[in-house]
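One is the number of the first residue; the rest follow in order along the sequence. None of these values were measured; they are calculated from a predicted model.
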Amino acid sequence: MNSRIDYDNGIKISDYDKFKIAPAHSVFICIEGGNAGKKIALTEREVCFGNKLCCFSPHLLNSEYLFITLTVELFRLHSVVILTGLSAE
């Protein structure tokens, strides 16, 4: 699973006030479409984001621990079934 975020992809957001903003060390998981439950990433810096993503910004839990928990195969398979209703195979 590739969970790397490409921060230098050429897309720059200048009007932050029109987007949801996630603080650094947030965990994202895709919650819609073919990648639901399959794409997970941990941010290194503040980022803007839109729909189809769920952002976890833990205050009481270490974000790296949350990221590892969400990437464990058993959790990933379970979440794919819940989010899509399809087999995780």
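Side-chain contact between I21 and E46 is present, with at least one heavy-atom pair separated by less than 4.5 Å. Taking 4.5 Å as the limit, some side-chain heavy atom of F28 sits within range of a side-chain heavy atom of F49. Looking at heavy atoms from C-beta onward, N51 lies out of side-chain contact with L53 at the 4.5 angstrom threshold.
Distance OG/S57 to NE2/H25: 11.0 Å, rounded to 0.5 Å. To the nearest 0.5 Å, atoms SG (C55) and NZ (K20) are separated by 9.0 Å. Annotation: the span from K39 atom NZ to K52 atom NZ amounts to 12.0 Å, rounded to 0.5 Å. Atoms CG and CD1, on D6 and I11 in that order, are 9.0 Å from each other to the nearest 0.5 Å.
Summarising the geometry of Y7 relative to V47, their closest heavy-atom pair is CE2-CG1, 3.7 Å, with the distance given to 0.1 Å. Of all heavy-atom pairs spanning R45 and D8, the tightest one is NH2-OD1, 4.4 Å.
Under a 3.5 Å cut-off, the side chain of T43 and the backbone N or O of S26 do form a donor-acceptor pair.
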